[in-house]
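Counting from 1, the numbers follow the sequence of the chain as shown. Quick caveat, the model's predicted, so the values are computed rather than measured.
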Amino acid sequence: MSTLTTCIVTGAAAGNGFAIASKLHERRHRVVGVDLIRIPAGCADHTIQGDILDKAVIEAAFEQALSGGCRAIYLVNNAGVTRPGIPQADSDWQVTIDVNLQAPFRWARHFANRVADGSIQEGGIVFIGSLATQLGFPGNPAYHASKAGVLGLTRSFAYDLGGAGIRVNCVSPGYIHTAMTDRSYTDPVLNTDRRRHTLLNRWGQPEDVANAVAFLCDPMASYITGINLPVDGGWMACGLRSGA
């Protein structure tokens, strides 16, 4: 493994992204954080503020990551949105697909191009999925479509980059307490319902997701590629709930 490893984390300003960037920085990776809003100090060595769909932002992040002769790069496609609604407006569909699926594809494609030209020689990609990657939930077809697509991207890029020794995986969080889930978390009924659907009887924290991502960006995971790793407290393994 190269002594210098850089991790690019999209959506690094808050929630899971901030925890991921902080954990990778703590583990002595150089971190390039990218977000539309200002990224707090301390979680990244370099920050880029801009739209993750912007080609110039993508190029700037990779140039920064590769600076100093770094050839070991990990890309964490974390940025995401949700715009539920039935019927779902065209604008909400488009924003969700753009941020959750189009952007990760563009970033992964740029990564693959850098592998092809020899700029990146080690590392990998981690996509962030969701329970919605494999399970059904009401009132949010755009989110479902985008997160199911993320698993497709994971397998596709794992196939295409495996020959170069590049690993590509997906981490799928369950109910993690972030700003995106705060409405459910602060509602006593919904909070209890979500908690009881896990086997660990608790909500997840951003650090739980960060730990999984950090593992996949470590040589200890050197023979793991093309997988979907649920970080859900056992949600997907839970059948009939006790007392239900």
Problem set entry | Asn201 versus Arg196, side-chain donor and acceptor atoms under 3.5 Å |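 There is no such pair between these side chains.
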Exercise. Going by distance alone, is a donor N or O of one side chain under 3.5 Å from an acceptor N or O of the other, for Gln94 and Asp98?
Worked result: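 Side chains of Gln94 and Asp98: pair found under 3.5 Å.
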Problem set entry | Stepwise side-chain contact (heavy atoms from CB on, under 4.5 Å) test for Asn77 and Ile125 | CA-CA 8 Å; Asn77 278 311; Ile125 302 172; 3.9 Å; yes
Other hydrophobic cluster members with [X], side-chain heavy atoms of Ile/Leu/Val/Met/Phe/Trp/Tyr under 4.5 Å, chained?
X      : answer
Tyr143 : none
Leu229 : Val9, Ile20, Leu24, Val31, Val76, Val126, Ile128, Val171, Ile176, Val209, Val213, Phe215, Leu216, Met220, Ile224, Ile227, Val231
Tyr185 : Leu131, Leu135, Phe137, Tyr175, Trp203, Trp235, Met236

Nearest atoms (heavy-atom pairs only) where [X] meets [Y]:
X      : Y      : value
Pro173 : Asn16  : CG-ND2, 4.4 Å
Cys170 : Leu151 : CB-CD1, 4.4 Å
Ala13  : Arg38  : CB-O, 3.7 Å
Ala44  : Gly33  : CB-N, 3.9 Å
Ala12  : Asp35  : N-OD2, 3.2 Å
Thr192 : Pro188 : OG1-O, 2.9 Å

Spatial distance of atom [atom1] ([X]) from atom [atom2] ([Y]) [nearest 0.5 Å]:
X      : Y      : atom1 : atom2 : result
Asn191 : Asp187 : CG    : CG    : 8.0 Å
Asp54  : Arg106 : CG    : CZ    : 9.0 Å
His144 : Asn100 : NE2   : CG    : 12.0 Å
Glu63  : Ile58  : CD    : CD1   : 12.5 Å
Cys217 : Ile73  : SG    : CD1   : 11.0 Å
Gln205 : Thr178 : CD    : OG1   : 9.5 Å

Donor-acceptor under 3.5 Å ([X] side chain, [Y] main chain):
X      : Y      : result
Thr133 : Ser130 : yes
Asn78  : Thr10  : yes
Gln64  : Ile8   : no
Arg167 : Ala221 : yes
Ser22  : Ala19  : no
Thr96  : Ala142 : no

For this session: Please indicate whether Arg155 has more than 12 foreign heavy atoms, meaning atoms of other residues, nucleotides or ligands, lying under 6.0 Å from its CZ.
Result: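 Atom CZ in Arg155 is not packed in, count stays at 12 or less.
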Exercise. Any chance CG of Asp90 has more than 12 other-residue heavy atoms, nucleotides or ligands included, within less than 6.0 Å?
Worked result: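 No, because the 6.0 Å sphere around CG of Asp90 holds 12 heavy atoms or fewer from other groups.
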Looking at side-chain heavy atoms only, is the closest gap between [X] and [Y] below 4.5 Å?
X      : Y      : result
Ile120 : Leu66  : yes
Lys23  : Asn211 : yes
Ile39  : Gln49  : no
Cys7   : Arg30  : no
Arg195 : Leu200 : no
Leu101 : Leu153 : yes
Phe62  : Val57  : no
Pro138 : Ile86  : no

Exercise. Can you name the one residue among Asp208, Thr186, Asp182 that meets side chain to side chain donor-acceptor pair (under 3.5 Å) with His177?
Worked result: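 With His177 as partner, side chain to side chain donor-acceptor pair (under 3.5 Å) holds for just one option, Asp182.
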For this session: Begin from the C-alpha positions of Tyr74 and Thr6 and carry the test side-chain contact (heavy atoms from CB on, under 4.5 Å) through to its verdict.
Result: CA-CA 6 Å; Tyr74 286 93; Thr6 303; over 6 Å; no
Exercise. Which is it for Phe127 and Asn169 under the side-chain contact (heavy atoms from CB on, under 4.5 Å) test, yes or no, and what are the steps along the way?
Worked result: CA-CA 6 Å; Phe127 291 95; Asn169 294 293; over 6 Å; no
Exercise. Should Val34 and Val81 be counted in the same cluster of Ile, Leu, Val, Met, Phe, Trp and Tyr side chains packed under 4.5 Å apart?
Worked result: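 Linked within one cluster.
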Problem set entry | Test log, rule side-chain hydrogen bond (donor to acceptor under 3.5 Å, both in side chains), inputs Asn140 and Thr82 | CA-CA 8 Å; Asn140 207 340; Thr82 183; 2.6 Å; yes
For this session: Evaluate the criterion side-chain contact (heavy atoms from CB on, under 4.5 Å) for residue pair Ser172 and Gln134; output intermediate values, then yes/no.
Result: CA-CA 9 Å; Ser172 287; Gln134 293 185 293; 6.0 Å; no
